[in-house]
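A short write-up of the structure that comes next.
The chain is numbered in sequence order, starting from 1.
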Amino acid sequence: MGTRKTTVRTAVAGALLTTVAVATATGPAAAAAPGGGARCTPGITVLRALPGRDGAQTHSTQVNGIGTRGLTVGVSHDKPAYWLGTAVHAVPLPAGATGGSVEAVNRSGLMVGTLTTASGAKAFSYRPGAGSVTLLPGGESATAVNDAGHIVGGRRDRASGAVVGLEWSGRLLRRELAVPAGYSIEAVTGIDSTGRVIGYGAGPSGEPSYDIHPALVWSANPAAAPTTLQPVGDDYAYYRAQAIDESGRIAGSYWHTRSLETTALVWSVPYGDPAYVPSVPGTSNDSFEGISPTSGVLVGTASAWDPTREAAVQALYWPGSGPAKTLPGLAPNGFTAAYAVADDDRVAGAAVDRAGVVRPVVWTCAGKQAYVPNAPAAAR
């Protein structure tokens with residue numbers, strides 16, 4: 001569960017409480033949905049923001065994870081935050097901390113994330129309403145947590161610059177993730193209910209001219225080396241595992257550095273070649289960021305690379321078959337991004353409003369409003 005999210009540059013000010021009906025959102029609604037039930041009402045709920053202003057250089061507000069009983073987690077004005085319904089709550093910062101982000105939450109409400117401090121980043125866990133966070137020993141980031149309370153993340157090795165992958169059980173360090181000789185970890189991104197951990201890195205190809213850049217999977221065995229997923233990539237092809245569901249299905253992306261294109265993909269047990277998902281029409285950089293625990297829905301971002309302008313990012317939605325779709329926004333042709341999806345078809349992320357401000361949002365009954373851009377109505 002959980003996934004390492006891409007931080008979005010945003011500009012958020014003030015607080016807002018809005019539920020936007022699909023009829024007023026940008027983009028048409030689809031006729032069918034993979035979840036949410038017959039009585040589900042499609043809409044976009046805009047969550048409140050913490051008081052304050054974003055910094056001049058870094059702007060970050062988004063919903064990163066979905067819990068139970070109306071709990072969602074993420075970041076507001078570069079501060080770690082969580083929401084109960086639409087009401088925002090600040091995670092209490094320890095002395096010396098200036099900001100951070102909640103990256104993931106499990107079914108019991110255990111949140112994990114990263115704090116920014118003067119002495120460097122710190123990994124933490126937290127439960128709603130607690131008076132303080134728990135700092136995780138030896139960690140600089142915590143990116144995912146499963147329902148057993150096992151947390152994964154990492155720290156940067158000062159000598160090599162590589163990431164040291166870490167797993168905690170509660171507040172105790174359980175293991176450093178094993179790495180084969182010559183390999184390095186770039187990120188640790190998820191853990192499922194069996195204790196299977198995912199990430200990605202780099203390693204030797206056997207040829208002096210290039211390295212490989214594969215997605216990696218560790219079993220729950222603390223001493224086990226990772227499995228290298230296929231294909232392994234090369235100096236121009238990077239494979240990234242971003243999220244894992246309860247069946248072991250892995251969502252991620254393939255990035256080709258020469259073409260500057262990214263393709264969303266999925267690995268399924270027993271982890272042969274991945275299934276590549278055709279891009280949303282008009283985009284060439286699609287990546288999955290989240291996967292539902294059991295319903296098979298995947299979400300992420302899709303965009304087109306254009307050197308003459310900053311292309312709008314769109315929230316990517318794929319129900320597990322058929323074409324990739326996007327989700328409606330708060331403004332015409334405005335930025336949207338999706339980072340987490342629940343089995344009840346809620347999708348969490350961010351969207352820019354008509355004033356140009358990016359808001360933390362949750363789409364309800366997302367499958368009923370997802371659509372294929374520029375497609376005939378019958379194909380949506």
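A side-chain donor from one of Glu103 and Ser101 sits under 3.5 Å from a side-chain acceptor of the other. When only modelled atom types and interatomic distance are considered, Glu246 and Ser193 share a side-chain donor-acceptor pair under 3.5 Å. A donor-acceptor contact closer than 3.5 angstrom is absent between the side chains of Ser219 and Asn221. At a cut-off of 3.5 Å, with distance as the only test, no side-chain donor of Ser141 or Thr143 sits close to an acceptor on the other residue. Checking Asp345 against Tyr317 by side-chain atom types alone, a donor-acceptor pair falls below 3.5 Å.
Annotation: the span from Thr116 atom OG1 to Lys79 atom NZ amounts to 9.0 Å, rounded to 0.5 Å. From Ile212, atom CD1 reaches atom CD of Glu207 across 11.5 Å, with rounding to the nearest 0.5 Å. Of the inter-residue distances, the one linking Ile198 atom CD1 with Thr189 atom OG1 reads 3.5 Å to the nearest 0.5 angstrom. With rounding to the nearest 0.5 Å, the separation of NE2 in His150 from CZ in Arg196 is 15.0 Å. Tyr126 OH to Ser132 OG: the interatomic distance, rounded to the nearest 0.5 Å, is 8.0 Å. Here the CZ-CG distance, from Phe335 to Leu330, works out to 11.0 Å after rounding to the nearest 0.5 Å.
The aromatic rings of Tyr254 and Tyr276 stand perpendicular to each other, their planes meeting at an angle above 60°, with 30° marking the opposite boundary. Classification of the Tyr238-Trp255 ring pair by plane angle, with boundaries at 30° and 60°, yields tilted.
Side-chain N or O atoms of Thr117 include none that pairs as donor or acceptor with a backbone N or O of Ala121 at under 3.5 Å. Panel note: side chain Ser205, backbone Tyr210; a donor-acceptor pair is recorded below 3.5 Å. Panel note: side chain Asp147, backbone Arg107; a donor-acceptor pair is recorded below 3.5 Å. Judged purely by atom type and a 3.5 angstrom limit, Gln369 uses its side chain to pair as donor or acceptor with the backbone of Gly43. In this structure a side-chain-to-backbone donor-acceptor pair under 3.5 Å is present from Trp267 to Gln230. Not one N or O on the side chain of Trp218 forms a donor-acceptor pair closer than 3.5 Å with the backbone of Val179. Side-chain N or O atoms of Trp363 include none that pairs as donor or acceptor with a backbone N or O of Gly367 at under 3.5 Å. Formation of a donor-acceptor pair under 3.5 Å by the Tyr271 side chain with backbone atoms of Gly248 is found in this model. Not one N or O on the side chain of Asn285 forms a donor-acceptor pair closer than 3.5 Å with the backbone of Ala304. Looking only at distances, a side-chain donor or acceptor of Asn106 sits under 3.5 Å from a matching main-chain atom of Asn146.
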TODO: Go through Arg359 and Val352 one step at a time and tell me if the side chain to side chain contact (heavy atoms under 4.5 Å, CB included) criterion holds.
DONE: CA-CA 6 Å; Arg359 304 290 187 179; Val352 71; over 6 Å; no
Open item on the list: If you apply the rule side chain to side chain contact (heavy atoms under 4.5 Å, CB included), what do you find for Tyr82 with Val91, and how did you get there?
Closed with: CA-CA 7 Å; Tyr82 64 98; Val91 172; 4.0 Å; yes
- [ ] Let me see the working for Thr61 and Val75 under side chain to side chain contact (heavy atoms under 4.5 Å, CB included), right down to the final yes or no.
- [x] CA-CA 5 Å; Thr61 293; Val75 55; 5.5 Å; no
Open item on the list: Before you tell me yes or no, could you show the steps for Val266 and Phe288 under side chain to side chain contact (heavy atoms under 4.5 Å, CB included), namely the whole-Å CA-CA distance, both residues' side-chain angles and the distance that decides it to 0.1 Å?
Closed with: CA-CA 9 Å; Val266 183; Phe288 289 134; 3.9 Å; yes
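Side-chain atoms of Gln314 and Thr283, non-hydrogen and from C-beta on, do get closer than 4.5 Å to each other. Looking at heavy atoms from C-beta onward, Thr114 lies out of side-chain contact with Lys122 at the 4.5 angstrom threshold. With contacts defined as side-chain heavy-atom distances shorter than 4.5 Å, the pair Arg346/Asp344 qualifies. Counting heavy atoms from C-beta on, the side chains of Asp234 and His213 never come closer than 4.5 Å. Between Tyr239 and Leu265, the closest side-chain pair of non-hydrogen atoms falls below 4.5 Å. Within the 4.5 Å cutoff, side-chain heavy atoms of Trp83 are placed close to those of Pro360. Considering only heavy atoms from C-beta on, Leu47 comes within 4.5 Å of Thr72 through its side chain. The shortest side-chain heavy-atom distance between Thr336 and Leu327 does not fall under the 4.5 Å cut-off.
The local environment of CZ in Arg127 is crowded, with over 12 non-hydrogen atoms from other residues, nucleotides or ligands closer than 6.0 Å.
Only one option out of Val133, Val102, Asn64 pairs with Met111 in a side-chain contact (heavy atoms from CB on, under 4.5 Å); it is Val102.
Under 4.0 Å is where a charged nitrogen must lie from a carboxylate oxygen, and between Glu140 and Arg158 at least one such pair does. We find that Arg155 and Glu176 are joined by a salt bridge, their nearest charged nitrogen and carboxylate oxygen being less than 4.0 Å apart.
Contact record, Ile250 with Leu229: CD1-CD1, 4.0 Å, taken as the closest heavy-atom pair. Between Ser279 and Ser284, the shortest heavy-atom contact is OG-CA, 4.5 Å. Pro80 and Leu50 make their closest contact through O-CD1, 4.4 Å (heavy atoms, listed as atom of the first residue, atom of the second, distance). The shortest non-hydrogen separation linking Ser125 to Ile151 is CB-CD1, 4.1 Å. The minimum heavy-atom distance between Leu173 and Glu167, with the atom names listed, is CD1-O, 3.5 Å. Minimum interatomic distance between Ala351 and Val361 (heavy atoms only, all atoms of both residues): N-CG2, 4.0 Å.
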